Amino acid sequence: MRLPRPVPLLLGFLLLQGVLSPLRGDLVFVPPFIRMSGPAVSASLVGGTEDVTVSLTLLQDEMGLFPVPDCRVLSNETGNWSLTVTPSMNSLEVTVRLKRDLQSCSSNETASFSESPCIVQTLLVSASHNSSCLAHLLIQAEIYANSSLAHNASENMTVIPNQVYQPLGPCPCNLTAGACDVRCCCDQECSSNLTALFRESCFPGIFGGDVNPPFDQLCSVQKARGGPDWFPFLCVQLANSPFLGYFYHGSVSPGHHASFDVYLHTDLKDFSDFGYKQGDPVMTVDKAYFTIPQVSLAGQCMQNAPVAFLQNFDVQCVTNLEILPEQDRTINVKIKNGAMGGIVTPKVVYEEATDLDRFITNTETLLNSGPATRNVNVEEHYIFRWNNNTISEIDVKIIRAEINVHQKGIMTQRFSVKFLSSNSGTEMESSGNPGYQLGKPVRALNTNRIDNVTTLHLWQSAGRGLCTSATLKPILFGENALSGCLLEVGLNENCTQLRENSVELLDSLIKATHVAMRGNSHYNDLSDDWLEIIRADAPNTGADPAVSSSNGVCPDVPAQLSIRILFSDAGAVEGITQQEILGVETRLSSVTWQYQCGLTCEDNADLFPISASVQFIKIPAQLPCPLTRFQINFTEYDCNRNEVCWPQLLYPLTRYYQGEPYGQCVAKSLFLVSFIILAVFLSNPWTRICKAHS
Amino acid sequence: MALYELFSHPVERGYRAGLCSKAALFLLLASTLTYIPPLLVAFRSHGFWLKRSSYEEQPTVRFQHQVLLVALLGPEHANGGFLAWSTFPAFNRLQGDHLRVPLVSTREEDRNQDGKMDVLHFKLELPLRPTEHVLGVQLILTFSYQLHRMSTFVMQSMAFLQSSFAVPGSQLYVNGDLRLQQRQPLSYGGLDVRYNVSVINGTSPFARDYDLTHIVAAYQERNVTTILTDPNAIWLVGRAAELRFNIYLENVICDSLTVGTYLPGFWEMIKFAWVQYVSILLIFLWVFDRIKRFVFQNQVVTTSPVTAVPQGGPYKEHLS
């Protein structure tokens, strides 16, 4: 390594020293020339300040030439001027002050500013040593009478007006105070004559004109026109800063975007003249929607909701009796049937409601139907029969009740609409074709009544949950369910009677003898498509006559019914697996009933719960072999349980990667491979072999 | 004068053998053991392929000015007492007597002047009779939500607010964030407009299309949604008669950046895999270079050594 040459370094060092340190022993005034406009001014004398005398002379110019200064005559004061010297650290502070008052200058001036200065003089401050001049300070004094420094500073502070109402700089082009700015039309100091001269060419811009034009470095400027490539790197962001903390909340620019559309009433869509498609609203001849109350939003009832073609619904609508509309909707309504000009009129059948308590709640008394009564529709059931894309007939069943006009309370109404094909009967619709669909009822048949396909049931209790008031709900395929109800039993109940009641109730759920294997099984193919229900452990009610009266205890009361349905996958139709039932078994199990007493046994009715459950069990088509421990732990090829499974070694080329289409990945991989092949062929030893051959 | 080594260069020595000799076989084996094991080592130590990645972006969100309001009244209007209004005329026609038209005013604010809306101020004033008291509110606002940095993802999303109070209120003040929820990563490029479908079908006249359970269920089926995270819904009480029920929604759209996950593209995966592969390959190259040098120098396999001929034709080397 070579060392840097020493000679150039030394030269540089010497030069630097020469510049920095003024030649020692030489004095100099800093600054050497002052133009004075106030009553006092000061300068510094630096250098070797030992034994130095500072003096002040007033220079009178004679014929434009100043006399050569002479340091032999020294004086500290010259007329109106005085000189003071204050020693400080390494220098001397020299101050020249005007002694007399300036008030005499402004004698009769009424104008704000006099045009000529009050005092114009030239002073020379000399620093000398042993009568030889070492340094000079030249001071040119031009003092005006009304300069602010000439007057005594007043103690009153300038009042800055409230910026909210009076901005401090309302006119940007008013640059000179006390004088008229040309072309500035908002300058108040311009007389009207002057303003008239340049009125046509006022400065353009806000607030009167001549504001700063936006300069190129502003961040907001370049967005409009094309800026340099590196923009907005190092761009200048301007923000209005709050003045005196009074006001500014930030400018928010309203974007140009959409606003609320005025929601004019839209025209009703009416394509019913050309036939109804699924989802079209059913129209009346008055070109209005045919409406039935429905539930929408969060459970609220909409009174005038249109009905969609081929859309069934069954809703319960809760309304206040006071606001229930009076008129009957179905009277005299004519509905378009889908053909051009065709009309279908609903056929209405009325029934009287029996128990008003079920429909009207939340009221203290049910008033008797006195002289003033009205009819309210408790339930309305509509059946639309359709053929191709027309409605062939409409059957309506209305259950109504007569109530007092002044009856108050909450009314529960039920509305159901069903669309049936015109050539379908009243049989239960199929539960799938051919396999069972999830959620459809399980088809069952009683061989005694062979043409009536029903289903198996579970209880759906209401009110207190008593078995006497419970309704039945069908068992749906694929849904495991558990249900029950309460049986009232007295203290001295006859055990045999209790067992019989219980068995009768449980049997009412399973009134069928056969269950369909497939969803579309027809009752004609009894042997092929239907399975017999296996009843296991039918209890023997009459086996134990000894314990016939209870004393509060009854053993072996059948109380739980469990239905198990086995099903499996049986093939697929167009990729959708079809399921069929392989077997049904019902089993009754018994419990011991014991009357629950407190300290004393009163003869109140005890509640005895009985329950029923249904369980769907899937059987695999082939029984899987039990896995060995090695098979369970070996996950090298199982990508669900191992992150680094071998099939994912070339992950981008496998089907596991979904980020890009497979073809693109293959194309890019081939591109990479071509690079590698190129690299291989251009490297040793192939190049040597090529050279050897050539 | 002392001398220093100023420059040096290697001289190659070649080892020749036939293509079917033991040496060639050895070389093939060594090459295989050099280039294949780093791939296996890098793969089996997890993380070789970058399967998911995440990035940050501030989405472009615009309020679409579609509002659906349900105000639940009580206590004497216990069942079915409600008021509703929306910007869909078909919905308003369904409401009948329950329609009450409020005054809605909105303002979108761009705080940092970057052209993207940051805050939505939403104010709704619902006129009420003195006997009507609001106990619960269900409100839906729809937005258009766009992400641009990876794939161009455009969707129409909603903010669903549901709030209730035990005591009749006079004002509801909600201050929440609109957050992105992903059940599935976005793609790294291209156009993704599968959710650019309006959340509420405003042109349908049927009541079941305005059932809130259906709207929310269909919305939650999407794999990418936004939700209004609202930990603080403040109900103010004490409404004087004849005044309105006010809902103020200060919706901070995106003050913070949204982090989204995406499926990396082919080249990104290859780049990260290459880095891992090469760093292990270097070790193997060095090791097998030593092994090959040892084997060929010490003639473990039979070859004929040859000094490589430098360029410029054959000539004798002068070694000092």
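Lettering follows sequence order; numbering is per chain, from 1. Computed from a predicted model, the values in this text were never measured in an experiment.
For chain B, the option among A:Ala308, A:Cys645, A:Ala305 with the highest count of heavy-atom pairs below 4.5 Å is A:Ala308. Ranked by heavy-atom pairs shorter than 4.5 Å toward chain B, the options A:Lys668, A:Gln658, A:Gln648 are led by A:Lys668. Looking only at heavy-atom pairs under 4.5 Å with chain A, the residue among B:Tyr188, B:Phe91, B:Phe48 that has the most is B:Tyr188. Most heavy-atom pairs under 4.5 Å with chain A, from the set B:Leu39, B:Ile215, B:Val104, B:Thr213: that is B:Val104.
If you measure heavy-atom distances from B:Leu263 to chain A, the contacts under 4.5 Å come from the side chain alone. Both the backbone and the side chain of B:Tyr210 come within less than 4.5 Å of a heavy atom of chain A. Using a 4.5 Å cut-off between heavy atoms, A:Val307 touches chain B through its backbone atoms (N, CA, C, O) alone. When heavy atoms are compared at a cutoff of 4.5 Å, B:Pro264 approaches chain A solely by way of its backbone atoms N, CA, C and O. Looking at B:Ala273, there are no atoms closer than 4.5 Å to chain A (heavy atoms on both sides), in backbone or side chain.
Cation-pi check for B:Arg208 over A:Phe313 is not met; the charged atom does not lie both under 6.0 angstrom from the ring centroid and within 45 degrees of its normal. No cation-pi contact links A:Lys418 to A:Phe384, judged by a cut-off of 6.0 Å to the six-membered ring centre and 45° from its axis.
Ion pairing between a basic and an acidic side chain is recognised when a charged N comes within 4.0 Å of a carboxylate O; B:Asp110 and B:Lys116 show no such pairing.
You'll find the side chain of B:Trp49 stays beyond 4.5 Å of the side chain of A:Tyr657, heavy atoms only. By the 4.5 Å heavy-atom criterion applied to side chains, B:Lys51 and A:Glu643 are counted as neighbours.
By the neighbour-count criterion of 12 heavy atoms within 6.0 Å, atom CH2 of B:Trp274 is sparsely surrounded, having that number or fewer from other residues, nucleotides or ligands.
A:Tyr662 and A:Gln664 share no donor-acceptor pair across their side chains, judged by distance under 3.5 Å alone.
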